[in-house]
Amino acid sequence: MKIKSKIRIGLLFLLAIIMLLAASGSYYINTLADESKDILKDNYNTLHYTKNMIEALDDSNKAMAFNKFETNLIKQENNITEQGELEATKIMRSAFDEYKSNSEDYNKAADLRSKILKIQELNMAAIVNKNNVITDKTQRAFAYITILGTICFLLSFTFVVNFPKWIAGPIIDFIRGIRGILQKDYSTRININSNDEFGEMALAFNQMATQLDAWEHSNLAQVLFEKSRIETIINNMQDAVIGLDENKSILFINPVAESLLSKSETDVKGKYAPDVAAVNDLLRTLIQELLPDGKPATNPLKIYSNGKESYYRKEMLHVKGQTANGDNKLIGYVIVLKNITEFKELDVAKTNFIATISHELKTPIAAINMSTKLLKDERIGIANNEQKQLLENIEENSNRLLKITGELLDMTQVETGNIQLNISAVTPTNILDVALKAVAQIAEQKQITLNTNLSNNLSYINADVDKTVWVLVNLLSNAIKYSAEGNKIAINVYKYNGYTKFEVKDNGIGIEEKYLSRIFERYFKIPGSKTGTGLGLSICKEFIEAQNGIIGVESEFAGGSKFWFQIPNAA
Ligand code: ADP
């Protein structure tokens with residue numbers, strides 16, 4: 001039954017009780033009123049008639065008295081209500097008839113009077129009797145109404161006490177159930193087996209909880225499965241992987257990392273990485289950049305493990321993820337150590353090969369160069385114009401070959417970490433003069449003006465003169481190479497933040513932004529550049545950084561380039 005109907009029935013029940021009380025009360029009041037009316041109507045009338053008859057007897061005007069008596073007697077004869085009243089009235093009639101025949105007879109008058117009094121007594125006794133009956137009935141009615149009122153009160157009281165509980169009880173059950181769901185207790189169920197809306201709601205709630213429970217379990221199983229799959233992948237990786245949370249506590253390390261760190265995962269899991277790093281050199285190197293003022297470790301890392309030296313490239317990933325409120329914040333770090341020993345060995349072999357080849361080529365090329373110079377000497381013989389042109393070509397190409405082999409040799413020096421530095425306190429002007437002299441001829445060939453702009457306060461710098469000159473020459477040669485004929489190149493030298501900064505600014509073809517980040521990489525040439533090895537700028541970088549300097553570029557495509565480097569000032 002619907003709650004609406006139940007409430008309606010409840011209210012009707014209360015209404016029925018009120019009606020029952022009202023009906024029974026009015027029934028008893030009506031009955032008592034009717035009884036009382038009878039006394040008034042019947043017995044009172046008889047007393048009134050008999051009183052009139054007695055008065056008529058006392059009247060001296062006999063004719064009128066008889067008439068009055070007769071009238072009241074007739075009324076009395078029509079108002080017989082009590083048992084024995086009919087006989088008494090008949091006796092009174094015959095006594096009246098006798099009195100009428102001899103009205104002077106005192107005895108007859110007294111007899112008639114006694115007959116009238118008899119009827120009066122009869123009716124008065126009836127009044128007393130009826131009064132007793134009414135009193136009795138009134139007490140009984142009072143008792144009935146009291147009992148009925150008590151029953152109605154008890155029923156209404158029970159109803160009033162239980163009805164709100166009956167409505168609120170299921171609501172409390174629902175509140176408890178919803179709280180359970182909010183706390184992810186999907187085993188919560190509501191037991192209401194009624195056919196009303198509460199029953200339907202409980203059924204729907206229980207179905208929802210069952211589905212949530214199933215969903216939660218399937219989700220959990222899925223999450224656990226995904227977790228174990230990722231763990232298996234990480235554990236089977238050939239690279240060492242170390243995971244830290246956002247507070248730098250160790251979350252996991254895979255078997256390769258275990259063997260490199262000589263620590264088992266159970267030993268370090270959950271520990272604060274800097275604490276573990278305090279007693280583990282390799283971990284200290286790996287998390288260096290996460291420590292205050294720490295710099296990232298230089299790649300590749302040479303690590304001795306399993307009885308041999310291996311090379312690893314370290315990558316530190318800052319993992320970001322979405323929090324519950326949608327923010328994208330740091331949730332941890334993953335350190336990956338990639339084993340590059342094989343590539344390193346190949347690289348070393350390549351470097352050695354290049355070093356050997358360039359070294360071996362240098363002598364014959366130098367010999368060719370020397371021979372060409374000798375051939376050009378008129379003391380050896382006068383060459384005709386065509387021969388002179390050929391000799392020029394040979395000299396030019398052997399110079400280019402010498403430059404390339406020189407660069408390759410420098411490169412091998414850099415790659416093997418064998419840069420021999422000869423640092424001394426020199427003036428920037430010294431370096432600039434040598435470099436300008438070296439490029440003067442090629443600048444002249446393209447009618448390019450080199451404008452130098454030196455600040456007045458220049459002082460000594462700590463530099464390897466040869467290497468720094470080499471870098472400046474390289475930057476100037478590139479600037480000339482990529483500028484149009486007749487262009488201007490500005491060379492600015494000034495003090496900057498404890499360094500002396502050299503800038504070479506051209507108005508040449510410029511460099512597209514997408515290539516700027518790769519311009520200092522080894523063998524990198526901008527697509528379309530035909531000449532060169534792509535080694536010049538990478539050697540410049542190595543030479544400058546070896547002297548604790550910084551190198552950089554700013555450029556706009558078709559808007560010229562500005563290459564610069566900074567060398568620390570001498571104290
Ligand atoms: P290379 O020795 O082959 O010139 P570099 O390392 O010196 O190699 O230069 C790398 C690339 O950078 C070149 O291929 C060239 O395209 C570009 N580049 C260098 N300097 C300039 C410059 N001043 N203006 C425009 N492009 C330049």
Side-chain angles (χ1 to χ4, degrees), residues 350-351 354 357-358 361-362 365 396-415 419 432 435-436 438-453 466-493 501-546 549-566:
K350 176 215 74 183
T351 309
I354 293 174
I357 294 282
S358 3
L361 283 177
K362 227 175 161 185
I365 296 166
E396 197 182 304
N397 281 303
S398 60
N399 275 339
R400 269 181 62 196
L401 274 173
L402 258 187
K403 187 175 175 279
I404 292 171
T405 45
E407 273 185 2
L408 286 170
L409 261 182
D410 286 334
M411 191 65 230
T412 55
Q413 251 192 37
V414 167
E415 284 190 350
I419 306 176
L432 186 63
L436 285 175
V439 297
Q441 207 194 344
I442 50 165
E444 206 183 286
Q445 279 168 7
K446 284 182 85 173
Q447 287 116 46
I448 284 174
T449 327
L450 301 171
N451 292 328
T452 51
N453 178 20
D466 290 343
K467 303 255 177 325
T468 317
V469 167
W470 193 97
V471 172
L472 192 53
V473 168
N474 209 283
L475 298 185
L476 286 169
S477 321
N478 277 346
I480 295 165
K481 193 155 116 190
Y482 297 107
S483 291
E485 282 196 10
N487 262 5
K488 285 183 181 153
I489 291 171
I491 303 129
N492 305 320
V493 186
K501 191 166 184 174
F502 294 75
E503 284 178 0
V504 177
K505 194 170 176 312
D506 64 55
N507 295 306
I509 58 171
I511 300 163
E512 275 185 77
E513 202 190 332
K514 60 181 174 185
Y515 298 126
L516 282 177
S517 60
R518 299 194 58 200
I519 205 90
F520 293 104
E521 280 178 18
R522 276 173 214 170
Y523 305 107
F524 177 76
K525 295 203 300 181
I526 288 176
S529 319
K530 286 194 182 88
T531 55
T533 53
L535 283 172
L537 288 176
S538 70
I539 297 172
C540 289
K541 188 170 188 292
E542 299 286 348
F543 281 178
I544 295 297
E545 286 178 355
I550 312 168
I551 192 163
V553 61
E554 288 153 34
S555 183
E556 240 176 65
F557 190 52
S561 313
K562 182 167 88 181
F563 281 87
W564 55 266
F565 64 88
Q566 297 174 192

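Numbering of ligands and ligand atoms starts at 1, following listing order. These figures come from a predicted structure and were not determined experimentally. Side chains are part of it too, since the values below use all heavy atoms of this structure and drop only hydrogens, waters and symmetry mates.
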Closest contact, heavy atoms only, E503 versus W564: CG-CB, 3.9 Å
F563: numbered ligand 1 atoms lying under 4.0 Å from its heavy atoms: 20 (N), 21 (C), 22 (C), 23 (N)
Check: S529 N/O within less than 3.5 Å of ligand 1 N/O: yes
Proximity flag G534 to ligand 1, non-hydrogen atoms under 4.0 Å: yes
K403/E407 ion pair, N-O < 4.0 Å: yes
Aromatic plane relationship, F543 with W470 - under 30° parallel, 30 to 60° tilted, over 60° perpendicular: perpendicular
Heavy-atom neighbours of K488 NZ exceed 12 at 6.0 Å: no
Within-cut-off N or O pair, N478 and ligand 1, under 3.5 Å: yes
Per-atom contacts of ligand 1 with G536, taking only distances under 4.0 Å to non-hydrogen atoms: 2 (O), 6 (O), 7 (O)
Test of proximity, D506 against ligand 1: N or O pairs below 3.5 Å: yes
Numbered atoms and elements of ligand 1 in range of I526, under 4.0 angstrom, heavy atoms: 14 (O), 16 (O), 17 (C)
Residue pair K562 / V504, side-chain heavy-atom distance below 4.5 Å: no
Atoms of ligand 1, numbered as shown, that sit under 4.0 Å from any heavy atom of T533: 2 (O), 3 (O)
Note, L537 side chain near L475 side chain (heavy atom, < 4.5 Å): yes
Which segment of F524 sits under 4.0 Å of ligand 1 when only heavy atoms are counted: backbone
Heavy-atom nearest neighbour of atom 5 (P) of ligand 1 within options I539, V553, L537: L537
Other residues, nucleotides, ligands: >12 heavy atoms within 6.0 Å of E444 CD: no
Region of L475 engaging ligand 1 - heavy atom pairs below 4.0 Å: neither
Ligand 1 contact on I511 by region, counting heavy-atom pairs under 4.0 Å: side chain
Per-atom contacts of ligand 1 with K481, taking only distances under 4.0 Å to non-hydrogen atoms: 4 (O)
Atom CD of E512 with >12 non-hydrogen neighbours under 6.0 angstrom: yes
Beyond-backbone contact of I519 with I526, side-chain heavy atoms, under 4.5 angstrom: yes
Taking atom 12 (O) of ligand 1 as the reference point, the nearest protein heavy atom with its distance: I519 CD1, 3.3 Å
Identity and distance of the protein heavy atom lying nearest atom 18 (N) of ligand 1: Y482 CE1, 3.6 Å
Heavy-atom donor-acceptor pair, D506 side chain to S561 backbone, under 3.5 Å: yes
